Structure formats: structure tokens, C-alpha cells
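All remarks here apply to the structure that follows.
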Amino acid sequence: MSKKTIRDIDWHGKCAFVRADFNVPFVHGSGVISDDTRIQEAIPTIEYLLENGASIILCSHLGRPNGRIDEGLRLKPIAERLATLLDKEIRYTSDEENQTLNISSIRQGEVVLLENIRFSPQEETNDGPFAMSLAKMADVFVNDAFGTAHRAHASTEGIAHHVTAVAGLLMEKELSFLGAVLNDPKRPLAALFGGAKVSDKIQILDRLLGHADNILVGGGMAATFLHAQGANVGASLLENEMVDFCVNLLNKAHEVGTHIHVPVDVLTADKIEANVETTIANVTDIPASSMILDIGPATANNYVRILSSMNTVVWNGPMGVFEVPPFDTGTKKIANHLSMSHAVTVIGGGSTSEAVTHLGLETCMSHVSTGGGASLEFLEGKVLPGVAALDDI
Ligand code: ADP
Ligand code: MG
């Protein structure tokens, strides 16, 4: 990686301003965290800094308070979870202290958590003086918030212009796995795409065409690809304005040496409801009133067979409406296969990571990204502002 990391700093007696991504989900309407993966993923950086003699100011956003104090979005539950995971007292500050916290008031080895940074309207506008006031709190800025790195905000980008700025260990891990997919994959490389819409995936499809050896298409977006090949897709979600894009992509694939695979069979139903009546249909024979809601068993077998001979697999977008059984069947089959694969397996995208974690398979993959939108933008080949602003080696 071409960016400095926390390993390049002598931390003894220094204060780190660590931008983490503690934007975790809560059990609806309660203060109970439903998935603390993002907090757990920040622990190695925090522990490294403490072991090397630093004090730490932690900063994160939670939800979308739009520059106002929102009582439901305070970081108190995060502070409590951090204290448990680190087995250490966490000093959780009120919003007023955010900008005035003085470096000298923090003892070596102490960990302070600021209030939700998006309570301040200057955060999302990347206000210069506000970014400067954040920078003044510490000796070094550490960006460990990969999930927010695609946003140029005061605590992710602006601050880096005023103080030494390095990547945390989670940021380093994300950039190394996702970077290897784009720059130096162990070949052959397969990219597996699903999710609802082709229009969400145009840029990543463009970026990986001619780079991946195989592109495998599933999810709702398969309907538009199938239509582009002349199939009748019944009542499926069809993006008419994307048909030409799919036709071009399929034509170009032959020239640039990427094999694009589309489903040969699909699981369909007339409505998206748990345990409704379903039909496994050949793609030439989709019932007029039905929607494509998952890949079919023959397709799943084909995809598993292709994936078996790959050395790197990157997956973005579930194969079906995985939230509603039995339309999770294809996603499960692929996830189970990848969990046992010898290949480097990289999972990007919010829903895809959620599906893998829900199946308890996250530790069986080489890397499950903590950044939904950020991982997608990275794989599209975009420069993430929160990464670009860090100091070069
Ligand atoms: P990710 O967050 O991993 O990038 P997306 O946001 O692109 O994934 O897509 C996730 C959504 O796609 C899920 O909510 C899932 O229900 C939906 N989806 C998958 N397959 C279908 C389908 N066949 N029809 C409609 N929606 C689908
Ligand atoms: Mg998504």
C-alpha cells in the first residue's frame, strides 16, 4: 500500500485522533446493538495504539442526524460496547466538548469517545475551520473508517490536510484485499454480481469487464441480462433503459476475454412472501405472471462449478431476495461453497456481507468488507477521498 499506516509512527506519548466507523445497526426502536462487527473490527487499531504508548480520541458518526442533535443517535451504547470489548474505561464526552477538548487533558493510555460527529453541521460540509479544530485535538490523524472513506467530510478528509495522517489496521486490511482484486489478483478471477438492479452496478461491471476472467450474474439484475438475450422474463423487475448496456457488455465480453455467465434457470413466484408457491423455470419458459426471485438449482450448480476452478472470487450482490426464504437458496449455496473454497474470497457490499454474516460464514471468507458503498466505489476504480488524503509513504 502506498499510504502510511499506524505502524510508521512512534506513538510513545502521542495522542491519536482515530476516525472509526461505528455506524452499527440497532434492534429496531431500542438502544440494543444488533451487530457489533464494525466495533470489533476497530479493536486491533485501538489495541495497537495503546500497546505503543498513545492516548486516543475516537470519533464516529451514527445514522443521519443531519447536523442536529438527535437523542436517539448518541454514541453512549457504542461507548459501553467498546468498554466491554476493550475491558477498559472509555471517557465518553458530550457534544459541547467536541471542539474544545484539549490534548493536554488526556492522559497517556486514556481512550475518549466523542459524541456523534454528524451532530455538527460542519462535518458533512467539510468545513475548513472545523476540520482544523479536530486536527488540533491530536498529534496524528488515524483513518480507520473504511466504510466512510468515500465521503469527503471534515473528520474523514478535511482533517488530514492539517496534521500527519495515516491508515489504521482495518483501513489497511480493506485496501489490501480490495486493492489486490483490482491490481494483482491470483488468477483466474471471477466476479459474482447480484442485487436488485443493473443500474447500481454499471460502473463496477465496466471496470471488471476485460479484467475478470469470469463474470457471473444473479439477483434481480439477471432479468435485464436475460431480456437482452431475448428471453421473456414475465413480471420480473426489468430495467428497459439498461437493456442496451447489457447487450453491449455481452458483445464486448467476447472481444476482451471475459466470460459472462447468466442463469439457465431461475426460482420464480408471483409475490415476494415467505413460503409462497414457487416455480423453478428454465429461462426460456418463465411464467408470464411470475418474477425472478432467485437463481435456480442448475444455475447454482453451474456457478459453483465455475467458482471451483478460480483462485480469486469477488462477490457483490446477493443471488436472490435473500431476506425472504426460500429465495435465499442460491445465496446460501454460493456462500457455503465460497466458505470452503481454496480461493481468495472477497465479499463487498452491505447486503452481501449481511447475508454471509447471517449464515455465520464471515470468518470462513478471506475478507468481508465493512464498507458497503465504499467497497463498491473502490471496486469501480474510484479514488476514495478519505484514502487519497492520507500521507504517502
Ligand atoms: P449489496 O448491498 O451487497 O451491494 P445490493 O444493494 O445491490 O447488494 O442488492 C441487495 C438487494 O437486492 C437485496 O435487498 C435483495 O433482496 C435484492 N435482490 C436480490 N435479488 C433480487 C431479485 N431477484 N429481485 C428483486 N430484488 C432482489
Ligand atoms: Mg446495498
Side-chain angles (χ1 to χ4, degrees), residues 176-195 201 204-205 207-222 225-226 229 249-250 253-254 256-267 280-283 292-322 325-349 351-369 375-376 379:
S176 135
F177 274 103
L178 295 167
V181 168
L182 289 187
N183 304 321
D184 187 23
K186 258 172 84 185
R187 292 193 177 273
L189 162 70
L192 185 63
F193 292 119
K201 308 281 151 103
I204 195 170
L205 283 163
R207 176 66 186 79
L208 293 181
L209 190 79
H211 176 62
D213 299 285
N214 288 286
I215 290 180
L216 286 67
V217 175
M221 65 190 267
F225 274 91
L226 291 168
Q229 292 187 322
L249 204 77
L250 290 162
H254 298 293
V256 296
T258 298
H259 296 277
I260 299 184
H261 306 266
V262 297
V264 292
D265 65 343
V266 286
L267 188 63
I280 295 167
N282 190 294
V283 294
I292 298 173
L293 297 173
D294 195 9
I295 55 173
T299 303
N301 285 338
N302 271 350
Y303 284 8
V304 162
R305 187 179 45 78
I306 295 164
L307 295 173
S308 304
S309 59
M310 296 296 112
N311 283 321
T312 305
V313 178
V314 59
W315 183 12
N316 176 277
M319 293 291 100
V321 182
F322 74 101
F327 309 113
D328 56 349
T329 312
T331 301
K332 266 190 192 156
K333 179 134 195 210
I334 298 287
N336 280 324
H337 168 75
L338 292 181
S339 73
M340 294 176 298
S341 167
H342 66 278
V344 177
T345 47
V346 178
I347 315 298
S351 292
T352 320
S353 303
E354 188 189 316
V356 166
T357 305
H358 185 73
L359 291 168
L361 298 175
E362 69 279 17
T363 56
C364 308
M365 306 296 177
S366 308
H367 182 63
V368 180
S369 180
S375 63
L376 189 63
L379 292 171

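Note: hydrogens, waters and symmetry copies are ignored here, and every other heavy atom, side chains too, is used. All values derive from a computational prediction rather than experimental measurement. For the single chain, residues carry numbers from 1 onward in sequence order.
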What closest approach, in Å, do [X] and [Y] show between heavy atoms, and which atom pair accounts for it?
X	Y	answer
Ala298	Asp265	N-OD2, 3.0 Å
Met365	Ser339	CE-N, 3.9 Å
Trp315	Leu338	CE3-CD1, 3.7 Å
Ile260	Leu209	CD1-CD1, 3.9 Å
Gly317	Thr352	N-OG1, 2.6 Å
Ala222	Val217	CA-CG1, 3.8 Å

Are Val266 and Ile295 close enough, and set up right, to give a side-chain contact (heavy atoms from CB on, under 4.5 Å), and what steps lead you there?
CA-CA 4 Å; Val266 286; Ile295 55 173; 5.7 Å; no
Mind checking salt bridge (charged side-chain N to carboxylate O under 4.0 Å, His left out) for Arg207 and listing every partner two or more places apart, or none if nothing turns up?
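Scan of Arg207 (salt bridge (charged side-chain N to carboxylate O under 4.0 Å, His left out), adjacent residues dropped) gives none.
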Restricting to salt bridge (charged side-chain N to carboxylate O under 4.0 Å, His left out), what partner residues turn up for Lys333, sequence neighbours left out?
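With neighbours one apart ignored, the set is empty.
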Just how far is it from atom [atom1] of [X] to atom [atom2] of [Y], taken to the nearest 0.5 Å?
X	Y	atom1	atom2	answer
Leu359	Asn336	CG	CG	6.5 Å
Leu178	Leu376	CG	CG	10.5 Å
Met221	Ile292	CE	CD1	12.0 Å
Leu307	Thr312	CG	OG1	11.5 Å
Lys332	His358	NZ	NE2	8.0 Å
Leu379	Leu205	CG	CG	11.5 Å

Please step through side-chain contact (heavy atoms from CB on, under 4.5 Å) for the pair Leu182 and Leu208, ending with a clear verdict.
CA-CA 8 Å; Leu182 289 187; Leu208 293 181; 4.0 Å; yes
Do any N or O atoms from the side chain of [X] and from the backbone of [Y] form a donor-acceptor pair under 3.5 angstrom?
X	Y	answer
Ser375	Gly349	yes
Ser369	Gly348	no
Thr331	Pro318	no
Ser341	His337	no

Could you give me the CA-CA distance, side-chain angles and deciding distance for His342 and Asn311, then say whether side-chain hydrogen bond (donor to acceptor under 3.5 Å, both in side chains) is met?
CA-CA 7 Å; His342 66 278; Asn311 283 321; 3.3 Å; yes
Side chain to side chain contact (heavy atoms under 4.5 Å, CB included) with Met310: which of Leu216, Asn214, Leu189, Leu192?
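Testing Met310 for a side chain to side chain contact (heavy atoms under 4.5 Å, CB included) against Leu216, Asn214, Leu189, Leu192 leaves exactly one candidate, Asn214.
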Run the side-chain contact (heavy atoms from CB on, under 4.5 Å) check on Val262 and Gln229 step by step: do they pass?
CA-CA 10 Å; Val262 297; Gln229 292 187 322; 3.2 Å; yes
Heavy-atom check, side chain of Glu354 versus side chain of Phe322, under 4.5 Å:
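A side-chain contact under 4.5 Å exists here.
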Would you call Val264 and Asn302 a side-chain contact if the rule is heavy atoms closer than 4.5 Å?
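The answer is yes; the side chains approach within 4.5 Å.
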For atom NE2 of His261, is the number of surrounding heavy atoms from other residues, nucleotides or ligands below 6.0 Å larger than 12?
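Yes, NE2 of His261 has more than 12 neighbouring heavy atoms, counting only those of other groups under 6.0 Å.
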Check the pair Leu293 / Leu267 against side-chain contact (heavy atoms from CB on, under 4.5 Å), numbers first and verdict last.
CA-CA 6 Å; Leu293 297 173; Leu267 188 63; 5.9 Å; no
So Phe177 and His367, would you call those rings parallel, tilted or perpendicular, with 30° and 60° as cut-offs?
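Taking His367 first and then Phe177, their aromatic rings lie parallel (interplane angle under 30°).
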